[in-house]
Amino acid sequence: MDQEASEVRKKVTIQSLQAQRRNKIPITMLTAYDYPTGLACSSNPDIDITLVGDSLAQVCLGHSSTTELTLAEMIHHARAVSRGTAHPLLVADMPFGTYHISPSAAAANAIRLIQEGRVDAVKLEGGSEIVPIVRQLSSIGIPVMAHVGLLPQRYIAMSGYKVQGRSAESAQRVFRDALALEDAGAFSIVVEAVPKELGTFITRRLKIPTIGIGAGPGTSGQVLVWDDVMGTWPGHKAKFVRRFADLQTPRDSGVAAYASAVRDGTFPADAEGYTMDKEEWEKFLAANGQV
Ligand SMILES: Nc1nc(=O)c2c([nH]1)NC[C@@H]1CN(c3ccc(C(=O)N[C@@H](CCC(=O)O)C(=O)O)cc3)CN21
Ligand SMILES: CC(C)C(=O)C(=O)O
Ligand SMILES: [Mg+2]
């Protein structure tokens with residue numbers, strides 16, 4: 001990252017995020033999947049956290065579910081995002097299956113994400129059942145962001161992407177999970193697709209910052225997926241998505257303008273190419289039997 005960009009804002013830390021929570025300055029998190037989107041997140045001093053979400057499986061690689069993403073793929077993308085990241089805290093999702101087998105396997109894979117993927121922290125989906133894993137990672141100095149509520153890696157087990165915590169019993173489960181994950185050492189927690197009352201309640205009861213996605217305005221921060229924000233995701237638009245830009249229209253018109261200019265011969269123009277001294281060109285022609 002160049003000097004100029006990194007001078008815009010000091011590197012975000014776990015401590016500075018805590019301060020934002022305390023001072024009620026909403027935390028902004030946005031996903032990125034490659035070098036240019038990493039640069040774009042980093043270009044604005046008001047982005048606090050860049051997340052290399054496993055949503056990249058769907059929005060970037062065309063898979064139908066995040067469960068298809070491998071650790072090697074995540075490392076490859078995280079490493080690219082890291083090259084474009086200066087001040088934001090860089091977090092990567094641990095892909096499905098890379099942290100469930102045992103705390104030591106989870107640690108080995110998280111270490112790869114840090115060393116090879118060059119991220120600052122890892123994010124794990126799950127509740128009380130992953131407490132030993134979160135405890136292990138936190139205890140060896142790997143910052144863990146937890147993720148409760150709707151867990152996209154379990155869309156089959158949960159029979160689809162469904163709002164969580166709508167009954168008293170389900171809300172209790174999400175709340176207890178959040179408390180247990182904080183106690184296990186998570187530095188922050190994503191709360192996905194829960195009623196806004198619950199998002200606010202959890203935020204008030206926890207000491208760590210909560211980052212909501214479809215959890216209402218009462219969380220310590222918000223996160224959205226890059227392609228949802230930019231209007232380039234052609235798939236289903238969840239209720240919590242707001243499009244902040246429409247990049248699809250200019251993108252498609254760029255493709256169309258290029259194709260038509262090549263077709264009608266207006267591209268390339270004279271100035272869009274190179275020239276050769278006449279003398280050299282004649283020498284070349286003569287050497288090839290032409291006058
Ligand atoms: N483009 C994109 N945006 C995301 O936010 C996202 C991904 N992809 N891929 C990984 C996960 C999957 N996520 C999803 C996907 C669908 C819904 C969804 O359709 N929710 C229903 C809720 C229906 C209900 O229970 O009432 C909705 O209509 O909002 C929510 C989160 C969030 N993540
Ligand atoms: C939507 C966020 C929270 C996420 O987990 C992802 O992008 O994978
Ligand atoms: Mg994810």
Side-chain angles (χ1 to χ4, degrees), residues 27-34 37-38 41 47-71 73-74 77-78 81 88-99 113 117 119 121-126 130 144-167 170-171 174 178 186 188-196 198-199 209-216 219-245 247-248:
I27 295 166
T28 57
M29 179 156 98
L30 182 57
T31 71
Y33 307 114
D34 54 16
T37 53
C41 290
I47 294 294
D48 302 309
I49 306 174
T50 298
L51 172 69
V52 192
D54 60 351
S55 51
L56 85 82
Q58 290 166 289
V59 303
C60 218
L61 302 178
H63 291 303
S64 64
S65 149
T66 59
T67 55
E68 290 172 77
L69 190 76
T70 66
L71 183 63
E73 288 169 331
M74 177 50 94
H77 285 259
V81 173
L89 193 79
L90 185 58
V91 181
D93 266 328
M94 291 196 75
F96 177 74
T98 66
Y99 55 99
L113 276 167
V119 299
V122 295
K123 180 161 81 59
L124 279 64
E125 289 181 16
I130 65 160
V144 173
M145 182 178 280
H147 181 155
V148 297
L150 193 164
L151 307 178
Q153 292 179 359
R154 302 187 190 189
Y155 83 112
I156 296 287
M158 288 173 148
S159 299
Y161 299 113
K162 294 198 177 135
V163 174
Q164 301 295 305
R166 273 188 145 150
S167 67
S170 170
V174 177
S188 176
I189 184 166
V190 164
V191 183
E192 177 162 352
V194 301
K196 58 181 184 298
L198 183 58
T210 58
I211 317 276
I213 173 163
T219 52
S220 322
Q222 300 292 329
V223 58
L224 281 177
V225 163
W226 176 271
D227 299 76
D228 292 335
V229 168
M230 302 307 163
T232 49
W233 172 238
H236 174 74
K237 183 170 168 286
K239 199 176 176 200
F240 54 70
V241 167
R242 187 190 294 181
R243 290 182 179 146
F244 288 88
L247 299 196
Q248 194 174 314

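Whatever order the structure lists them in is the order used to number ligands and atoms, beginning at 1. Not measured: the values here are computed from a predicted model. The first residue in the sequence is number 1, and the count goes up from there.
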- prompt: Taking only heavy atoms of Arg166, which atoms of ligand 1 are found under 4.0 Å from at least one of them?
  reply: 26 (O)
query: Would you say the side chain of Asp228 lies within less than 4.5 Å of the side chain of Lys237, judging by non-hydrogen atoms?
result: no
- prompt: For ligand 2, is any non-hydrogen atom under 4.0 Å from Glu125's backbone (N, CA, C, O), its side chain (CB onward), both, or neither?
  reply: neither
query: Between atom CZ of Arg242 and atom CD of Gln222, what is the distance when rounded to the nearest 0.5 Å?
result: 10.0 Å
Part of Phe240 with heavy atoms under 4.0 Å of ligand 1, whether side chain, backbone, both or neither: side chain
- line: SG of Cys41 to CG of Leu51, rounded to nearest 0.5 Å, is 9.5 Å
message: Any heavy-atom pair between the side chains of Gln58 and Thr66 that's under 4.5 Å?
response: yes
task: Check each heavy atom of Gln58 against ligand 1 and say whether those closer than 4.0 Å belong to the side chain, the backbone, both or neither.
output: side chain
- request: Could you pull out the atom name of the N/O/S atom in Asp54 that is nearest the Mg ion (ligand 3)?
  value: OD1
query: What protein heavy atom is closest to atom 29 (O) of ligand 1, reported as residue, atom name and distance in Å?
result: Lys239 N, 2.8 Å
query: Which atoms of ligand 2 have any heavy atom of Val225 under 4.0 Å away?
result: 1 (C), 7 (O)
message: Need the ligand 2 atom indices (1-based, order shown) with element for anything under 4.0 Å from a heavy-atom of Asp93.
response: 4 (C), 5 (O), 6 (C), 8 (O)
field: Numbering as shown, the atoms of ligand 1 that approach Glu192 to under 4.0 Å (heavy-atom distance)
entry: 13 (N), 14 (C), 31 (C), 32 (C)
- prompt: Can you list the ligand 1 atoms lying under 4.0 Å from a non-hydrogen atom of Ser55?
  reply: 7 (C), 9 (N), 10 (C)
message: Using a 4.0 Å cutoff against the non-hydrogen atoms of Gly53, which atoms of ligand 2 qualify?
response: 6 (C), 7 (O), 8 (O)
message: Could you identify the single nearest non-hydrogen protein atom to atom 22 (C) of ligand 1 and state the distance to 0.1 Å?
response: Tyr161 O, 3.6 Å
- line: Nearest non-hydrogen protein atom to atom 2 (C) of ligand 1, with distance, is Asp228 OD2, 3.4 Å
query: Looking at Trp233, which atoms of ligand 1 are within less than 4.0 Å of one of its heavy atoms?
result: 1 (N)
- prompt: atom 6 (C) of ligand 2: which protein heavy atom is closest, and how many Å away?
  reply: Ser55 OG, 3.3 Å
statement: If we number the atoms of ligand 2 from 1 as shown, the ones under 4.0 Å from a heavy atom of Ile213 are 1 (C)
query: Looking only at heavy atoms, is any part of Thr66 under 4.0 Å from ligand 1, and if so is it the side chain, the backbone, or both, or is it neither?
result: side chain
- prompt: So which heavy atom in the protein is nearest atom 2 (C) of ligand 2, and how far is it from that ligand atom?
  reply: Leu51 CD2, 3.6 Å
- prompt: For Asp227, is the nearest heavy atom under 4.0 Å from an atom of ligand 1?
  reply: no
query: Which of the atoms of ligand 2 are close to Thr31, meaning less than 4.0 Å from one of its heavy atoms?
result: 7 (O)
message: Just to check, does Met29 reach to within less than 4.0 Å of ligand 2 when the distance is taken from its heavy atoms?
response: no
query: So which bit of Val163 gets within less than 4.0 Å of ligand 1, heavy atoms only: side chain, backbone, both or neither?
result: both
Asp93 N/O/S atom closer than 2.8 Å to the Mg ion (ligand 3): yes
field: Heavy-atom side-chain proximity of Asp93 to Leu69 below 4.5 angstrom
entry: no
task: Would you kindly specify which portion of Pro152 sits under 4.0 Å from ligand 1, judged on non-hydrogen atoms: side chain, backbone, both or neither?
output: side chain
message: For atom 5 (O) of ligand 2, what's the nearest protein heavy-atom neighbour? Residue, atom name and distance, please.
response: Lys123 NZ, 2.8 Å
